[in-house]
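Chain A is the first sequence line, chain B the second, and so forth, proteins listed ahead of strands; every chain is numbered from 1. FYI, side chains are in, hydrogens and waters are out, and symmetry mates aren't considered; it's all heavy atoms of this structure.
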Amino acid sequence: MSETTPASGAAEAATEPFRYSSTLAADIESRWQDVWEKEGTFNAPNPVGPLSDPAAGEVSAKPHSFIMDMFPYPSGAGLHVGHPLGYIATDVYARYQRMNGHNVLHTLGYDAFGLPAEQHAVATGEHPRISTEAAIANMRSQLRRLGLGHDSRRSISTIDPEYYRWTQWIFLQIFNSWYDAEAATARPIPELVAQFESGERATPDGRGWSELSGAEREEVLGEYRLAYSKEVPVNWCPGLGTVLANEEVTADGRSERGNFPVFKSKLRQWMMRITAYGDRLIADLDPLDWPEAIKLQQRNWIGRSEGARVDFPVADGSAITVFTTRPDTLFGATYMVLAPEHELVDSIVPAAWPADVPAEWTGGAGTPAEAVAAYRAVAASKSDVERQVEAKVKTGVFTGAYATNPVSGESVPVFIADYVLMGYGTGAIMAVPAHDHRDFAFARAFALPIRCVVEPTDGRDQDASAWDDAFDTYDSVIVNSANSGVSLDGLSVTDAKARITAWLTERGIGEGTVNFRLRDWLFSRQRYWGEPFPIVYDEDGVMHALPDSMLPVEVPEVEDYSPHTYDPYDAASSPKTPLSRNEAWVNVELDLGDGVRSYRRETNTMPNWAGSCWYELRYIDPVNAERVVDPANEQYWLGPTETKPVGGVDLYVGGAEHAVLHLLYARFWHKVLHDLGHVSSVEPFHKLFNQGMITADVYRDERGFPVPAAEIEERDGGYFWQGEAVKREAGKMGKSLKNAVAPDTICEEYGADTLRLYEMAMGPLDVSRPWDTRAVVGSYRFLQRLWRNVVSEATGELVVTDEPADEPTLRALHKAIDGIRADMSGLRFNTAVAKAIELNNYLVKRGSTPRAVAEQLVLLVAPLAPHIAEELWRKLGHDESLVYADYPVADPVYVVDESVTCVVQIKGKVKARLEVAPSISDTELEALALADPAVIAAVGDAPIRKVIARAPKLVNIVTG
RNA sequence: GCCCCGGUAGCCCAGCGGUAGAGGCAGUGGUCUCAAACACCAUCCAGCGUGGGUUCGAAUCCCACCCGGGGUACCA
């Protein structure tokens, strides 16, 4: 112990030994945290299995809530006060639900695979597991201080072999499934094989299934598997040394993590066939209780659009297939564009330019082949950033080939241009310059004909030669669109689409179709610190899935954890996997059913998202060694109910940055597991709530460098650091901006209850707001006043009185209960805190606190400030923890005021006030108002035109 | 460019058709103290981003614009 006890603390302790000081708060908090831990207070019993509890009674009969935070990555840097905002909110809500009789599942695990640990390993040589586990331990202790009511038995970590064993198992489930589009469900691969064997389903080349070799069969099945390995164009990021999913690449062609350039490269990689679920991922958003903004982002990302595929015949007998959402404008298609990489380009390019080719179409090249090659070279050399900057200027080159517009019979030139993307639709478009802005710009640049086929409704002429831009609308009728077989003239856009699609279908030159923006999910990474794939290759290179009995495939030891990174701009480099460095691990002898043979292991690892795609399931049954989750437990916690038609966790709180990535992947996996019969719920997360960010002031010196925010002095309306004037701005909280505030600091100075209360009181949970350390004291003072209303600071004895509460006090109490209940249920903790403070302030003014009121107030505050509440509850004579006590219920009799103030307005201006009963009728009130002397005086002899009475609060008299 | 979210007291925020203010911070004055800190008591402060409209009545509903934050970006 130190001899140098701070003087102020000693003085305080001497005069007010039982004041609610930071010392006392620390004592109370650590004691109750120990009690909760020792007694397993927050352990939620399961209906069946090792986590069931016979003493808990009939669990399945109890109402229940599954409340979740988004999985944190355990950062080695420790937490700042912004991190636990969501955790505190879910804890408050979870505690509230427990006090409403719910069996509450609330825990927190760790998403612990990932790049930072690997980078730390590269820098220090420390094994990622060591640093990650240390970071988890550190985070656990930081969070424990906050008094979060987590069921620690369920706190899984993705890097535990017992956990990732099931991640690998789920991968195998997906690998061993195919999507039956007719039945709209995933089915096991053996059912597909049976179809091939029986001939019910034909093989691609028509041979019998038995005639195919093992490798050939595997290739066929690979076209169906929901997880498959294929050579595909991928996002290769040399700076990170790995490939990335589309979702991990920013709009300007850089890696979301690290901000390195990303290049397109064709590589053999693992993919997940998430596109098979496009329709269901959109449709099932509807029943979810999610913020509309997030639903919208998911819908946009999936990008479902209805349209048609149309074939345009080319001279050599082949056809270019385009996808269009506007088949109604087919008669206006005056040229075509293929993506530069389109595979048909080489075969349609003629040896020489046709006659009369305008000079600007050829790019100055002597032959079409040269023009194409030159344009491709330029396009490939351009980064996505450059392409984006130049997006306004349309570039392209004529291929020398013509196709035939199938409805007008016209010959239309075929171009390549980089405004058409290989990755969307068919990589080819029919260009309708009159009604598409991009096509219009291109047509103008290359002097291509523009034909109006949708009647302009903005007054412009049908002659497009003078137009400034395309006329793009759904709200008009079709013109100039008839041939001998079909006419669209006069039809609405919608009717014309239907008519032309039917006509195309009849003739076999097109069909209605649905196209998605969503691509299949690139699922492999060239990293060390991730889940290995449970896949091996035999000597013939044929892929084999490992049986469940061989799981988990543990992350092997290697000499060097670092990814093979390259110069960030070295597009020609290709990835190497760190796992391949351990030859002894890669080459294995296994018996997969036909004797011991040699195999090579798959050396890619799974992406960081894998572990977080299904953790809600493992929270339910964390120690189940037999199954991923027991169906009875899954049904209980996640199963569909009347209020949750597709099931899912009751509340999921986290940042909006996961709007697409994590939430889309997790939904996809959940649906596959549902289809295969492993879970009853259709969706993983019923209600989603995005918490806002806690921002903080950033102070910058003259050079613009951040200076430590904690050392800023404020005077004369300015800010100074070490005597020099600095500028203040708003920013994120973090180490790099030198403005991080650690929760530990606040806990030391005020206690965890104060921190919790302050974070909840700062503002609405879904809004970002600035941290203000100076303001924390307000929450501290509230707790001090609460303490003082119940306990003497001098003696520590109770000061509550045994008198019954008087009516005004009961009204204050029950109005608070009523309001706080509504606020808690709606996650409006800021206003709940204000109402608790209001009631407490009322009791301070009253001078004494009746015991019954004190008890109710303590229970009201318990979810927000659980430690002080437990302590006061104990002092009030209760032996049991209040975690499972009943939350106060308002008596409606006392929720309304005895009398209310009614304002009387004359033409909207307040002229008089009346004290009236809340139950007064409109007519009574009107009579009362008109009889009021002040009103009579104000009205004077002006005629009364109208009287609006809104009992009991308002009368408005409209005069002359 | 398009799509969200937000602009109410010096600051953070309640109020979301009916008296502009629930709560907190800061400021000011006071009590306590030898003095200070803490604590306590009291008190000052805005007409609701701007401009229109609807209404008996608008911070609240509608339209346009400005400012701040976020998302998205040639998706045929």
Under 6.0 Å from the CZ atom of A/Arg299, do we count more than 12 heavy atoms belonging to anything else shown?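 Buried by this count: over 12 neighbours within 6.0 Å.
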Residue pair A/Val799 / A/Val791: nearest heavy atoms and the distance that separates them: CG2-N, 3.7 Å
Choose from B/rA76, B/rA39, B/rA14 the nucleotide whose nearest atom is closest to any side-chain atom of A/Leu421. B/rA76
What's the closest nucleotide to the side chain of A/Ser305 if the choices are B/rA76, B/rA73, B/rC13?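 Closest nucleotide among those given: B/rA76.
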How would you list all residue pairs meeting side-chain hydrogen bond (donor to acceptor under 3.5 Å, both in side chains) that involve residues 949-960 of chain A, not counting sequence neighbours?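 Sorted result for residues 949-960 of chain A: empty, none.
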[atom1] atoms of [N] and [M], separation to the nearest Å:
N      : M      : atom1 : value
B/rG53 : B/rU72 : P     : 39 Å
B/rG49 : B/rU43 : P     : 28 Å
B/rA22 : B/rC32 : C1'   : 30 Å

Parallel, tilted or perpendicular, as decided by the 30° and 60° cut-offs, for the rings of A/Tyr335 and A/Phe442: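 The rings of A/Phe442 and A/Tyr335 lie parallel, inter-plane angle below 30°.
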Row check, A/Tyr20 ring normal vs A/Arg781 NZ/CZ: under 6.0 Å, within 45°: no
Between the protein and nucleotides 53-56 of chain B, list the N/O to N/O atom pairs that are separated by less than 3.5 angstrom.
residue	atom	partner	partner atom	Å
B/rC56	O2	A/Asn956	ND2	2.3

Assign a letter to each nucleotide of nucleotides 23-31 of chain B from its 5' end: B, base within under 4.0 Å of a protein heavy atom; S, sugar-phosphate only; -, no contact. SSSS-----
